[in-house]
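In what follows, residues are counted from 1 in the order of the sequence shown. We use all heavy atoms of the structure for the numbers below, so side chains are in, but hydrogens, waters and symmetry mates are not.
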Amino acid sequence: VTGSHFITCTCLLFSSLLTNYSNYLIDYYNLSNKFPKIAKYLALRQKLSIYYLKWNIFIGTCLLINMIFINAYVLFF
């Protein structure tokens, strides 16, 4: 069980880092001005990225709490 928690937390961390890095690349290369047809989608993506980050933090926190309870159960019982 702990291995699957570790893999899931690693995937959450990787996806959060990838989301933030892609936002940086969108701003750095000024893609909104270079490609005006997809500017609406890029703006929507950047607005939703904060909610995506909050969701990843929530899932990660739940997994860590679950892992603590499982490890405490194994340790004491």
Side-chain angles (χ1 to χ4, degrees):
V1 173
T2 306
S4 64
H5 282 108
F6 175 74
I7 291 170
T8 307
C9 286
T10 304
C11 289
L12 288 172
L13 178 66
F14 180 73
S15 67
S16 297
L17 290 174
L18 192 63
T19 302
N20 289 333
Y21 185 66
S22 63
N23 284 339
Y24 168 75
L25 289 177
I26 289 170
D27 291 337
Y28 181 76
Y29 288 113
N30 202 7
L31 295 179
S32 299
N33 293 334
K34 289 181 181 179
F35 302 104
K37 289 184 179 179
I38 62 169
K40 291 179 184 178
Y41 297 113
L42 293 175
L44 178 65
R45 185 189 175 285
Q46 287 182 339
K47 286 180 185 177
L48 292 177
S49 68
I50 190 69
Y51 298 113
Y52 184 65
L53 181 64
K54 287 179 183 179
W55 178 253
N56 279 343
I57 290 171
F58 173 73
I59 295 295
T61 304
C62 289
L63 284 173
L64 290 175
I65 290 171
N66 188 7
M67 193 180 344
I68 289 170
F69 283 131
I70 289 173
N71 286 334
Y73 179 77
V74 168
L75 183 63
F76 295 118
F77 295 108

- Looking at CD1 of I59 and OG1 of T8, how far apart are the two atoms once the value is rounded to the nearest 0.5 Å? 10.0 Å
- Message: Just to verify, which of N71, T10, I70 counts as forming a side-chain contact (heavy atoms from CB on, under 4.5 Å) with H5?
- Response: I70
- Might you point out which heavy atoms bring A39 and S32 nearest each other, and give the distance in Å? CB-O, 3.7 Å
- Item | Cluster check Y73, F69: I/L/V/M/F/W/Y, side chain < 4.5 angstrom | no
- Message: For the CG atom of L53 and the CG atom of L12, what is their distance to the nearest 0.5 Å?
- Response: 10.5 Å
- Query: If you round to the nearest 0.5 Å, how far is CG of D27 from CG of L42?
  - Reply: 9.5 Å
- Item | Separation of N23 CG from T19 OG1 (nearest 0.5 Å) | 7.0 Å
- Are the ring centres of W55 and F58 closer than 6.0 Å? yes
- Query: Linking I/L/V/M/F/W/Y whenever any side-chain heavy atoms sit under 4.5 Å apart, do L63 and I57 land together?
  - Reply: no
- Task: Treating Ile, Leu, Val, Met, Phe, Trp and Tyr as nodes and any side-chain heavy-atom pair under 4.5 angstrom as an edge, say whether Y21 and Y28 lie in one connected cluster.
- Result: yes
- Query: Should I50 and L18 be regarded as members of a common hydrophobic cluster, given that ILVMFWY residues are connected when their side-chain heavy atoms come within less than 4.5 Å of each other, either directly or indirectly?
  - Reply: no
- Identify whether L75 and F77 are in the same connected component of the hydrophobic contact network (ILVMFWY, side-chain heavy atoms under 4.5 Å). yes
- Item | Atom pair NZ/OG of K54 and S16 - distance to nearest 0.5 Å | 13.5 Å
- Is the closest side-chain heavy-atom distance between F14 and L17 below 4.5 Å? no
- Does any non-hydrogen side-chain atom of N20 lie less than 4.5 Å from one of Y24? no
- On a heavy-atom basis, the closest approach of C9 and L64 is SG-CD2, 4.3 Å
